[in-house]
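Every value quoted in this text rests on a predicted model; they were computed, and no experiment measured them.
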Amino acid sequence: MEKPIVIHYRFKFTDDNRVTDYLLRLDPKTITFIPPTDLELPDWVNLEFNKCDHCPLDPKEHQHCPVARNLAGFVEHFKNEISHTEALIIVRANDRYYSKQLSLQEGLYSVYGIIMSTSNCPMMNFLKPMARYHLPFASLEETIFRTTSSYLLEQYYAHKRGEEADLKLDGLLFRYQEVEKVNEGISRRLRAVTSGDADRNAVVLLDSLAQVLFFELGTSLESMEYLYGQSVQST
């Protein structure tokens, strides 16, 4: 049996030297988040608690929102923290080491992005390949590049299976509309249970990214075209 994919996040708080460690574990075959087994789940993770408007899950089969359930441990730990608290974030993943001084909301944004995309939410599953090759602290341009490249690779495999490939990225545009709805649903849950704003603003950052990606797709990715334009033709 293959060992889980492990991504280690360490938060070293600047103001009081606190150190908090988290291990994110993913199933290597399904790229699904493996939650801790000893976590007591709060009521706000129940599926019907501020359920996303477009959620297709049947409460008879799913007691908990899969995203909320997997976020619970982090939310409970950071629910009283302030967004702009400074921390050195250290990440060990895929045989690589990353570190950066960031606000807490930016560090949580990175963690929450992995968890939300690997929790088997039907609206988020398309992001699992990106989570498998997680890039902490990615810039907006890097994220646009990775997202569209991942989607086009998916379309290549669809073509190999004899299916119609979506080279216009219409399907990706639709998916990010759905992601925005998930972000809003999770935000509603967090507003109901947190007194600090670090958790909430981490999701706000994720939602802002989804909105920018939606805008970029609507402009046919013009901001990235320079990478494949005149400079490529002249080589």
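Using a 4.0 Å cut-off between charged nitrogen and carboxylate oxygen, K168 and D170 do not count as a salt-bridge pair. A salt bridge is defined here as a Lys NZ or Arg NE, NH1 or NH2 lying under 4.0 Å from an Asp or Glu carboxylate O, and E178 with K181 meets this definition.
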For S103 and E86, run side-chain hydrogen bond (donor to acceptor under 3.5 Å, both in side chains): C-alpha distance rounded to whole Å, both residues' side-chain angles, the deciding distance at 0.1 Å, then the answer. CA-CA 5 Å; S103 66; E86 288 289 318; 5.5 Å; no
Evaluate the criterion side-chain contact (heavy atoms from CB on, under 4.5 Å) for residue pair C65 and V45; output intermediate values, then yes/no. CA-CA 6 Å; C65 164; V45 308; 5.8 Å; no
Give the intermediate values and the outcome of side-chain hydrogen bond (donor to acceptor under 3.5 Å, both in side chains) for residues T14 and Q101. CA-CA 9 Å; T14 304; Q101 188 80 19; 2.6 Å; yes
For the pair I7 and L23, evaluate side-chain contact (heavy atoms from CB on, under 4.5 Å) and give the outcome as yes or no after the intermediate values. CA-CA 6 Å; I7 304 172; L23 293 181; over 6 Å; no
Using salt bridge (Lys or Arg N to Asp or Glu O under 4.0 Å), reason through R18 and E81 one step at a time and then give a plain yes or no. CA-CA 13 Å; R18 281 179 296 154; E81 297 283 355; 2.8 Å; yes
Take H64 and L47, measure what side-chain contact (heavy atoms from CB on, under 4.5 Å) needs, and give me the verdict at the end. CA-CA 4 Å; H64 303 122; L47 185 65; 5.9 Å; no
Going through the checks in order, is the salt bridge (Lys or Arg N to Asp or Glu O under 4.0 Å) test met by E154 and K160? CA-CA 10 Å; E154 178 187 345; K160 282 187 65 176; over 6 Å; no
Before giving the answer on side-chain contact (heavy atoms from CB on, under 4.5 Å), spell out for V179 and M124 the whole-Å C-alpha distance, their side-chain angles and the decisive distance to 0.1 Å. CA-CA 7 Å; V179 167; M124 305 289 284; 3.8 Å; yes
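The backbone N or O of F145 lies less than 3.5 Å from a partner atom in the side chain of T148, making a donor-acceptor pair. Between the side chain of T219 and the backbone N or O of E216, at least one donor-acceptor pair lies under 3.5 Å. With hydrogens and angles ignored, the 3.5 Å screen pairs a side-chain donor or acceptor of R146 with a backbone N or O of Y133. With hydrogens and angles ignored, the 3.5 Å screen pairs a side-chain donor or acceptor of D166 with a backbone N or O of G171. In terms of modelled atom types and a separation under 3.5 Å, the side chain of T147 and the main chain of I144 share no donor-acceptor contact.
Both V212 and L173 are members of a single hydrophobic cluster when ILVMFWY side chains are connected at heavy-atom separations under 4.5 Å. A continuous path of hydrophobic side-chain contacts links I5 to M116 [ILVMFWY only; heavy atoms under 4.5 Å]. Two different hydrophobic clusters hold L153 and Y228 under the rule that ILVMFWY side chains link at heavy-atom gaps under 4.5 Å. There is no path of hydrophobic side-chain contacts, each under 4.5 Å, that joins I82 to V75. In the hydrophobic cluster analysis, where Ile, Leu, Val, Met, Phe, Trp and Tyr join through side-chain heavy atoms closer than 4.5 angstrom, V19 is grouped apart from L104.
Residue F137 holds its CZ atom at 5.5 Å from CG of L102, rounded to the nearest 0.5 Å. The CG atom of L172 sits 8.0 Å away from the CG atom of L152 when rounded to the nearest 0.5 Å. Rounding to the nearest 0.5 Å places CG of L213 at 11.5 Å from CG of L169. Rounding to the nearest 0.5 Å places OG of S119 at 11.0 Å from CD1 of I114. Considering OH of Y112 and CD of Q105, their distance stands at 12.0 Å, rounded to 0.5 Å. In this structure, NE2 in H62 is found 8.5 Å from SG in C55, a value given to the nearest 0.5 Å.
Among residue pairs with one or both ends in residues 41-59, those qualifying as side chain to side chain donor-acceptor pair (under 3.5 Å) are W44-E76; sequence neighbours excluded.
Every residue meeting the salt bridge (charged side-chain N to carboxylate O under 4.0 Å, His left out) condition with D21, not counting sequence neighbours, appears here in chain and number order: R10.
Across all their heavy atoms, L57 and P66 have their closest contact at CD1-CD, 3.6 Å. Counting all heavy atoms, side chain and backbone alike, R189 lies closest to A68 at CD-CB, 3.9 Å. Among all heavy-atom pairs drawn from K3 and P28, the shortest one is O-CG, 3.5 Å. Heavy atoms only, all atoms of each residue included: G185 and C52 are closest at CA-SG, 3.7 Å. A131 approaches L26 most closely through the heavy-atom pair O-CD1, 4.2 Å. Heavy atoms only, all atoms of each residue included: T143 and M130 are closest at O-CE, 4.5 Å.
Contact check for V6 versus R25: side-chain heavy atoms found under the 4.5 Å cut-off. For the pair K79 and V193, the minimum side-chain heavy-atom distance is 4.5 Å or more. The closest side-chain heavy-atom distance from L209 to Y109 is below 4.5 Å. Proximity of V182 to C121: side-chain heavy atoms (C-beta onward) are separated by under 4.5 Å at one or more points.
Ring centroid separation for the pair Y9 and Y98 does not come in under the 6.0 Å cut-off. The ring of F74 has its center closer than 6.0 angstrom to the ring center of Y22. For F78 and F11, the ring centers sit closer than 6.0 Å to each other.
With hydrogens and angles left out, the side-chain atoms of K128 and T32 include a donor and acceptor closer than 3.5 Å. For the residue pair S83 / E106, no side-chain donor-acceptor distance below 3.5 Å is found, with atom types taken as modelled.
The 12-atom threshold is exceeded at CD of E163, counting heavy atoms of other residues, nucleotides or ligands nearer than 6.0 Å. Within 6.0 Å of NE2 in H77 there are more than 12 heavy atoms belonging to other residues, nucleotides or ligands. For D16, the CG atom sits in a packed shell: over 12 heavy atoms of surrounding residues, nucleotides or ligands are nearer than 6.0 Å.
A ring pair (Phe, Tyr, Trp, His ring centres under 6.0 Å) with Y176 holds for exactly one of F126, Y151, F214; it is F126.
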